[in-house]
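What follows is a short report on a single structure.
Numbers restart at 1 for each chain; the letters A, B, ... are given by sequence-line order, proteins then strands.
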Protein chains: 2
Amino acid sequence: MKATIYDIAKEAGVSIATVSKVINAKGKISQEKRSEIIAIMDRLNYQPSVIASALTGKHTYTLGLLIPDIANPFFAEVARAVEQRGHELGYSVIICGTDNRNERIEQYISVLRQKQVDGIIIGTGVGDTSMLRDNAWSIPTVMIGREAYAGTIAHTVVSDDRQGGRDAAEHLLGLGHRRMAVLSESLEISSSRERLRGFRERLDEQGIELPLDHVRQCKYRVEDGRRQARELLALPERPTALFCCNDLLAIGALQAAKEAGISIPQELSVVSFDNTILASVTDPPLTSIAQPVEKLGATAVELLLREFRERQSQPQRAQTAAQGAQPQRIALQTELIIRSSTAAPRSRR
Amino acid sequence: MKATIYDIAKEAGVSIATVSKVINAKGKISQEKRSEIIAIMDRLNYQPSVIASALTGKHTYTLGLLIPDIANPFFAEVARAVEQRGHELGYSVIICGTDNRNERIEQYISVLRQKQVDGIIIGTGVGDTSMLRDNAWSIPTVMIGREAYAGTIAHTVVSDDRQGGRDAAEHLLGLGHRRMAVLSESLEISSSRERLRGFRERLDEQGIELPLDHVRQCKYRVEDGRRQARELLALPERPTALFCCNDLLAIGALQAAKEAGISIPQELSVVSFDNTILASVTDPPLTSIAQPVEKLGATAVELLLREFRERQSQPQRAQTAAQGAQPQRIALQTELIIRSSTAAPRSRR
DNA sequence: CTGAAAGCGCTTACAG
DNA sequence: CTGAAAGCGCTTACAG
């Protein structure tokens with residue numbers, strides 16, 4: 001059987017309280033006892049049960065991460081970042097693939113509560129706010145890549161999507177493009193809205209129009225991007241540049257262009273968003289707005305830890321609506337990565 | 001505060017034992033009491049603490065998954081499969097990105113033990129067998145995509161890598177290729193060895209030689225594939241076909257060929273392995289040996305569950321070396337997916 | 001500096 | 001059919 005704190009105590013001829021203290025480096029223990037006990041723990045290969053200590057000490061050192069799909073390269077990278085930073089700080093992470101389905105989200109949050117995770121990071125759409133609101137006061141929560149919902153007490157870490165959209169526009173404008181179109185994800189997602197908004201904003205400033213039918217909403221699959229791009233490319237006044245709200249959609253656009261015999265970047269420029277591994281692997285490689293995934297994930301974890309500390313220091317208020325600090329919102333800078341999918345439009349060459 | 005079993009019991013005017021029984025559907029409880037208690041649990045939004053129940057009932061309903069890198073598309077897909085099947089069966093999964101580093105692996109296994117996960121799925125290299133051996137008797141373990149180590153009591157689910165290698169060879173041979181080369185991952189990894197072995201075997205059967213310097217070991221990064229491919233393509237008798245042990249390496253090969261002005265598939269055929277999303281996204285799309293990831297993940301979870309049951313039914317022997325059933329080894333079929341990176345060699349056209 | 005005791009939220013024989 | 005009590009492996013005041 002695995003050794004317990006009792007085994008150690010008996011072996012060392014002390015009480016379990018004493019052993020507990022050396023484990024947690026609390027209280028004063030004489031140097032000799034301490035080292036003797038440590039030696040015994042080593043010898044018996046003793047590892048304190050997180051389960052038991054969670055039942056009293058309250059910490060499970062486990063975080064929950066909700067994302068739509070782990071196999072989507074962007075979220076896979078987010079997951080890695082969260083997991084890495086979490087591990088550095090002593091936390092494990094439970095992944096939850098929600099598929100953006102509300103029932104699943106509810107199930108997961110409920111499971112995470114039952115398992116008493118210390119915090120939750122949400123990178124998925126949450127249709128029903130109320131659930132989140134209920135949850136928020138009990139488990140520290142941070143939204144990653146999505147805006148927090150009104151009435152929710154959650155911190156937020158996002159990329160500066162709007163600026164990213166602006167940068168994409170700026171790049172294309174600089175190359176001389178005037179007729180542009182957009183492949184967007186569902187505009188229900190805040191980040192998509194912001195990217196589009198930034199893009200359009202910059203165009204507006206230059207007095208360039210972005211007709212409504214030049215903005216297409218897609219799911220986040222390659223196939224959707226391809227279909228919508230096909231239609232866009234069949235327009236009488238074919239756009240010379242496409243801004244795609246993620247790499248997957250951009251790949252769809254690349255495929256549609258190829259099918260139509262339209263060469264990239266000579267006849268069509270494509271800018272994508274996310275800069276996942278996919279962007280570097282296509283032909284031509286995609287010019288893309290990079291999200292600082294690493295930092296996104298790390299920041300989310302750090303915000304959570306800060307929240308833990310704050311709640312501990314003001315335990316009385318921990319259950320009131322006013323607990324914790326004010327929810328923070330952190331927007332991280334994106335970066336334009338220029339590859340080979342963009343160039344000046346032909347007419348201008 | 002969250003409601004506990006005591007709150008429910010008090011509210012219902014029964015003992016906590018009774019409440020516990022209705023939670024677990026154990027023992028006989030009168031229909032009225034049962035429904036009354038259930039109603040109260042609903043009303044108080046009661047959710048039993050997994051932590052507390054784990055301390056007695058022994059199940060945490062949590063699995064650990066060790067993989068080298070979650071952001072690697074192949075492992076991301078494995079993770080999704082494991083997570084999905086796990087969720088269906090009532091288990092959460094903690095992801096652990098090991099980066100193939102031994103210290104990390106040890107840390108993780110130790111953490112997972114402390115958290116009393118019910119089982120561990122290992123998809124990463126494990127340098128030091130002894131650790132695994134020590135672990136195996138205490139936590140049910142299954143290897144996924146890697147062979148179990150000698151002396152280890154772990155089940156194994158793999159793709160039939162050898163057959164996959166054979167199929168790749170067969171495909172290339174059928175197209176008429178004779179001069180071939182291989183981009184492999186480290187041959188310390190059993191799956192890489194098997195792929196190469198199957199490939200070479202089939203060539204041997206046709207009396208075709210695969211010179212030693214035509215087999216290059218790479219890490220699993222695009223850049224390595226590119227560098228090694230560059231060398232291969234500079235050989236005086238340049239190979240007409242390349243078998244790459246994963247998609248990443250194949251992408252490197254594609255890039256090297258492009259740099260060298262070698263057109264694919266006209267002048268060089270490329271077959272990859274894994275068939276991740278990357279294979280469908282390159283230009284040209286890659287002919288690839290698909291691993292049945294979905295099934296791989298699901299099977300791993302199922303083997304674990306079976307092991308749980310077996311250990312429960314023979315608790316006496318659970319701590320002896322002979323516990324559980326014999327370790328199983330399941331090899332799943334791969335599938336050749338033909339895309340556009342392979343064709344007959346030029347000389348033969 | 002050290003220990004006895006209560007308690008965390010459950011489950012599980014064992015009585016009744 | 002129902003409940004009292006012990007126990008799971010820890011932590012935390014509180015005494016000494």
Atom-pair distance ([atom1] on [X]; [atom2] on [N]), nearest Å:
X	N	atom1	atom2	result
Q31(B)	dT2(D)	CD	C1'	16 Å
Q116(A)	dC10(C)	CD	P	9 Å
H59(A)	dT11(D)	NE2	P	13 Å
L55(B)	dT11(C)	CG	P	11 Å
K115(A)	dC8(C)	NZ	P	24 Å
R113(A)	dG9(C)	CZ	C1'	16 Å
I5(A)	dT2(C)	CD1	C1'	14 Å
K26(B)	dA13(C)	NZ	P	8 Å

Can you check whether any acceptor in the base of dC8(D) is under 3.5 Å from a donor in the side chain of Y6(A), or vice versa?
no
Assess, by modelled atom type and distance only, whether the side chains of K115(B) and S92(A) contain a donor and an acceptor separated by less than 3.5 Å.
yes
Note, V142(B) side chain near I122(B) side chain (heavy atom, < 4.5 Å)
no
Taking the side chain as everything from C-beta on, heavy atoms only, tell me whether R329(A) gets closer than 4.5 Å to M143(A).
no
Is K21(A) touching bases, backbone alone, or none of the nucleic acid, heavy atoms closer than 4.0 Å?
base
Classify the nucleic acid contact of I16(B) as base, sugar-phosphate or nothing, counting any heavy atom under 4.0 Å across all strands shown.
base
In the structure shown, which nucleotide is the Watson-Crick or G-U wobble counterpart of dA4(D), with both distances under 3.5 Å?
none
Taking a pair as Watson-Crick or G-U wobble with both distances under 3.5 Å, which nucleotide is matched to dA13(D)?
none
Of A17(B) and K33(A), whose nearest nucleotide on DNA chain C comes first from the 5' end?
K33(A)
Under 4.0 angstrom between S15(A) side-chain N/O and dG3(C) OP1 or OP2
yes
Looking only at side-chain N and O atoms, does T18(B) come under 4.0 Å of OP1 or OP2 in dT2(D)?
no
Separation of S49(A) OG from L55(B) CG (nearest 0.5 Å):
6.0 Å
Quick check: does any side chain N or O of D118(B) sit under 3.5 Å from a backbone N or O of L63(B), one acting as donor and the other as acceptor?
no
On DNA chain D, check which nucleotide each of V14(B) and Q47(A) is closest to and give me the residue with the more 5' one.
V14(B)
